[in-house]
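These notes are about the structure you will find just below.
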Amino acid sequence: METFNVGKIEEFEDKSKKVVTIGDEEVGVFRLGKEFFAWRNICPHQGGPICQGRIFSLVLENIDEKMESHGRIYDNNKVNIVCPWHGLEFDIRTGEHPGNPSISLDPVSVQVDGDAVYLLIEGNT
């Protein structure tokens with residue numbers, strides 16, 4: 001396993017991302033609060049650059065007890081990355097598609113040590 005420094009904690013704003021190239025692959029590194037997550041930059045749908053998409057809170061339909069819609073609301077506890085090719089969304093914390101958990105992103109291990117953020121990559125890059 002190889003370790004790659006991808007920057008200092010202070011370089012990442014909350015709900016931000018940085019896409020880095022390591023060897024022959026791209027990895028998106030995301031910060032949510034004090035936590036960091038990393039995913040290979042390949043959408044499982046059709047191989048799009050998922051980590052280059054926009055970050056949004058999960059959008060929910062605001063439905064009352066009569067099943068009438070009152071617009072949309074946002075769940076700020078669930079933050080998604082949206083694929084720029086076809087709009088599929090994935091939870092940044094889990095990598096799962098919110099409607100189909102069997103579709104998910106390919107994770108990369110992240111480690112914070114001192115004031116730096118590192119990726120731990122297995123195999124040849």
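The residues of the chain are indexed from 1 along the displayed sequence.
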My understanding is that only residues two or more places apart in sequence, or in another chain, count here; which of them pass ring-ring contact (aromatic ring centres under 6.0 Å, His included) with Tyr118?
none

Before you tell me yes or no, could you show the steps for Ile55 and Phe30 under side chain to side chain contact (heavy atoms under 4.5 Å, CB included), namely the whole-Å CA-CA distance, both residues' side-chain angles and the distance that decides it to 0.1 Å?
CA-CA 10 Å; Ile55 297 172; Phe30 298 84; 4.0 Å; yes

Answer yes or no: is there an ion pair linking Glu35 with Arg93, defined by an N-O contact shorter than 4.0 Å?
yes

Any side-chain heavy atom of Leu32 within less than 4.5 Å of one from Ile92?
yes

Atom pair CH2/OG1 of Trp39 and Thr94 - distance to nearest 0.5 Å
6.0 Å

Heavy-atom side-chain contact between Phe37 and Pro107 under 4.5 Å:
no

The reported gap from CD1 in Ile81 to CD in Gln52 (rounded to nearest 0.5 angstrom) is 9.5 Å

Once rounded to the nearest 0.5 Å, what's the spacing between atom SG of Cys43 and atom CG of Asp106?
12.0 Å

Roughly how far, to the nearest 0.5 Å, is CZ of Phe4 from CG of Leu119?
8.5 Å

Main-chain N/O of Phe56 paired to Asn80 side chain as donor or acceptor, under 3.5 Å:
no

For Leu58, the hydrophobic cluster (side chain heavy atoms closer than 4.5 Å, chained through members) also holds Leu60, Ile73

Would Glu96 and Ser104 satisfy side-chain hydrogen bond (donor to acceptor under 3.5 Å, both in side chains), going step by step from the backbone distance to the final call?
CA-CA 4 Å; Glu96 294 178 351; Ser104 61; over 6 Å; no

Please report the closest heavy-atom contact between Pro44 and Leu105, naming both atoms and the distance.
CD-CD2, 3.7 Å

What is the minimum heavy-atom distance between Pro84 and Pro49, and which atoms define it?
CD-O, 3.5 Å

In terms of heavy-atom contacts, does CD of Glu68 have more than 12 from other residues, nucleotides or ligands at under 6.0 Å?
yes

Strictly below 4.0 Å, N to O, side chains only: are Arg40 and Glu25 in salt-bridge contact?
yes

Between Arg31 (side chain) and Phe36 (backbone), is there a donor-acceptor pair under 3.5 Å?
no

Check step by step if side-chain hydrogen bond (donor to acceptor under 3.5 Å, both in side chains) holds for Asn76 and Ser57.
CA-CA 5 Å; Asn76 292 318; Ser57 294; 2.8 Å; yes

same_hphob_cluster(Val29, Val79) at 4.5 Å side-chain heavy-atom cutoff:
no

Mind checking whether Phe90 and Pro98 have side chains closer than 4.5 Å, heavy atoms only?
no

Residues two or more places apart in sequence or in another chain: which of them pass side chain to side chain contact (heavy atoms under 4.5 Å, CB included) with Ser109?
Leu120

The test is side chain to side chain contact (heavy atoms under 4.5 Å, CB included); show your working for Asn62 and Arg72 and say whether it passes.
CA-CA 5 Å; Asn62 186 12; Arg72 293 187 173 94; over 6 Å; no

With side chain to side chain contact (heavy atoms under 4.5 Å, CB included) as the test, would you mind laying out the steps for Val117 and Val110 before giving the verdict?
CA-CA 7 Å; Val117 181; Val110 181; 3.8 Å; yes

SG of Cys83 to CD1 of Ile42: how many Å apart, nearest 0.5 Å?
11.5 Å

Transitively linked via ILVMFWY side-chain contacts under 4.5 Å: Val19 with Val27?
no

For Leu88, is there any backbone N or O sitting under 3.5 Å from a side-chain donor or acceptor partner on His86?
no

If the threshold is 4.0 Å, N to carboxylate O, is there a salt bridge linking Asp91 and Lys78?
no

Verdict with reasoning, Lys18 to Glu11, per salt bridge (Lys or Arg N to Asp or Glu O under 4.0 Å):
CA-CA 9 Å; Lys18 180 191 285 190; Glu11 296 172 12; 3.2 Å; yes

